[in-house]
Amino acid sequence: MTTENEVKLIALDMDGTLLTGEHDITERTKIAIEQALGKGTHVVLSTGRGFQTCYPCAEELKLQSYLITANGGQIWTMEKELLDQHLLKTELIEKMYNLGTQVGVNMWMISTSGVFRAEAPDDFYEYEWLKFGCESTDKQKLDIMVQELSHYEELELTNSLPTNVEVNPKGVSKAKALHFLCDKIGITMNEVMAVGDSLNDIKMIQEAGIGVAMGNAQEAIKKVADHTTDTNNNDGVAKAIEQFAL
């Protein structure tokens with residue numbers, strides 16, 4: 001890992017990172033992002049969210065290049081062109097939904113056409129699936145989910161909060177998606193700064209030239225990061241951009 005290289009791409013997680021607890025972006029953060037864009041730096045949202053709930057945020061920030069959504073399940077351009085996609089097998093989504101129902105966790109599932117929250121489609125096979133998520137404040141329930149799901153070798157398990165579990169196809173991650181974009185843009189991962197707070201950010205923080213954990217990040221993330229910035233409610237992203245990219 002090196003900090004000598006100029007940062008040419010900034011990858012930002014959304015929830016718990018770019019967004020405050022109120023789901024806003026602070027003024028200082030908007031200004032820092034605008035300044036980075038003014039320098040010709042790529043600023044990329046790299047989120048567990050689906051495209052529909054992440055695009056408005058990218059528009060608000062006037063981002064110009066790419067979006068990594070569903071933890072790397074899809075990569076988009078700001079012109080809404082889909083560049084890359086990794087689908088979960090429909091029978092696996094159905095199994096996970098049934099398991100979650102038995103265990104009693106709250107669930108959401110991201111399909112290519114939208115998100116199902118706390119409900120299932122009439123026919124799972126009418127959709128293409130990108131991601132499964134479940135949440136519970138009962139740690140025992142989450143442990144059961146992780147234990148059961150880890151039997152499936154074709155699944156990649158992470159989280160975006162300590163109270164949830166997120167599932168993508170094996171090998172899919174925000175880091176993998178960033179490698180894809182680096183190749184496309186013609187830069188290396190050493191020229192990337194990645195900022196995040198949860199397990200779905202851990203690989204991109206490890207593999208980026210500058211890996212930054214939020215002040216509110218899970219402990220495991222702070223351990224692997226090169227730097228820890230302030231919290232999401234206290235301009236953490238702005239401070240990281242100002243320090244390393246401007």
Side-chain angles (χ1 to χ4, degrees), residues 1-20 25-48 54-55 57-69 71-72 74-79 81 83-84 173-198 200-217 220-232 234-246:
M1 290 207 176
T2 165
T3 51
E4 280 122 61
N5 284 327
E6 196 188 339
V7 172
K8 294 189 177 158
L9 187 153
I10 300 168
L12 301 174
D13 169 54
M14 286 178 64
D15 297 283
T17 302
L18 173 68
L19 304 178
T20 65
I25 304 167
T26 68
E27 209 45 52
R28 182 168 170 183
T29 300
K30 286 180 185 169
I31 290 166
I33 288 171
E34 195 180 332
Q35 289 175 326
L37 291 171
K39 275 184 67 182
T41 308
H42 291 270
V43 180
V44 171
L45 298 184
S46 184
T47 177
C54 130
Y55 192 81
C57 183
E59 270 191 316
E60 184 192 343
L61 292 168
K62 301 186 174 62
L63 300 188
Q64 289 139 22
S65 47
Y66 306 98
L67 296 169
I68 294 169
T69 63
N71 289 338
Q74 288 184 326
I75 303 174
W76 295 85
T77 68
M78 281 301 288
E79 289 73 47
E81 180 197 350
L83 298 178
D84 194 34
S173 70
K174 295 178 178 185
K176 201 73 163 280
L178 282 172
H179 280 283
F180 177 97
L181 288 180
C182 283
D183 287 348
K184 191 169 176 59
I185 296 165
I187 61 173
T188 70
M189 283 296 275
N190 264 346
E191 297 167 299
V192 173
M193 174 172 97
V195 192
D197 69 310
S198 297
N200 60 354
D201 303 311
I202 199 163
K203 287 180 178 167
M204 74 169 184
I205 286 173
Q206 282 173 309
E207 294 176 31
I210 302 175
V212 181
M214 296 300 290
N216 51 287
I221 312 306
K222 291 181 179 175
K223 282 202 174 85
V224 303
D226 302 311
H227 306 278
T228 299
T229 184
D230 215 326
T231 64
N232 61 324
N234 212 15
D235 295 317
V237 163
K239 289 171 184 174
I241 292 174
E242 289 160 5
Q243 187 176 352
F244 300 112
L246 291 181

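Sequential numbering from 1 along the given sequence is applied to the chain's residues. Just so it is clear, the values below take in all heavy atoms, side chains as well, and ignore hydrogens, waters and symmetry mates.
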- Note on the structure: Residues T231 and M214: closest non-hydrogen pair is C-CE, 3.7 Å

- side chain to side chain contact (heavy atoms under 4.5 Å, CB included), paired with V212, selected from T228, T229, D197: T229

- According to the side chain to side chain donor-acceptor pair (under 3.5 Å) rule, which pairs have a member within residues 35-44, sequence neighbours left out? H42-S65

- Atom pair OG1 (T47) and CG (N200), whose distance is rounded to the nearest 0.5 Å: 7.5 Å

- Looking only at heavy atoms, the pair that brings D230 and N234 closest together is OD2-ND2, 3.1 Å

- Item | Residue pairs passing the salt bridge (charged side-chain N to carboxylate O under 4.0 Å, His left out) test where at least one lies in residues 179-193, sequence neighbours excluded | K8-E191

- When rounded to the nearest 0.5 angstrom, what distance separates CG in L9 from OH in Y66? 9.5 Å

- State whether the side chain of T188 and the backbone N or O of N190 hold a donor-acceptor pair below 3.5 Å, judged by distance alone. yes

- Item | Smallest separation among heavy atoms of C54 and L45, with atom names | O-CD1, 3.9 Å

- Message: Can you see whether H179 engages E207 through a side-chain donor-acceptor pair at a distance of less than 3.5 angstrom?
- Response: yes

- Task: Measure from the side-chain N and O atoms of K203 to the backbone N and O of A175, and report whether any donor-acceptor pair falls under 3.5 Å.
- Result: no

- Hey, what do you get for CD1 (I75) to CG (L83), rounding to the nearest 0.5 Å? 6.5 Å

- Nearest-0.5 Å distance, CD of residue E34 to CG of residue L63: 11.0 Å

- Item | Residue pair A220 / I202: nearest heavy atoms and the distance that separates them | O-CD1, 4.1 Å

- Task: Measure from the side-chain N and O atoms of K222 to the backbone N and O of G215, and report whether any donor-acceptor pair falls under 3.5 Å.
- Result: yes

- Going through the checks in order, is the side-chain contact (heavy atoms from CB on, under 4.5 Å) test met by V43 and L61? CA-CA 10 Å; V43 180; L61 292 168; over 6 Å; no

- Item | Nearest atoms (heavy-atom pairs only) where C57 meets L18 | SG-CD2, 3.9 Å

- Query: Roughly how far apart are M189 CE and L178 CG, rounded to 0.5 Å?
  - Reply: 5.0 Å

- Item | Interatomic spacing from OG1 in T29 to CD in E242 - rounded to 0.5 Å | 8.0 Å

- Message: Do I33 and K62 have side chains that approach each other closer than 4.5 Å (heavy atoms only, starting at C-beta)?
- Response: no

- Message: If you define the side chain from C-beta out and look only at heavy atoms, does anything of L19 sit under 4.5 Å from I25?
- Response: yes

- Item | N232 backbone acceptor or donor facing N216 side chain under 3.5 Å | yes

- Item | Shortest non-hydrogen contact from L67 toward A58 | CD2-CB, 3.5 Å

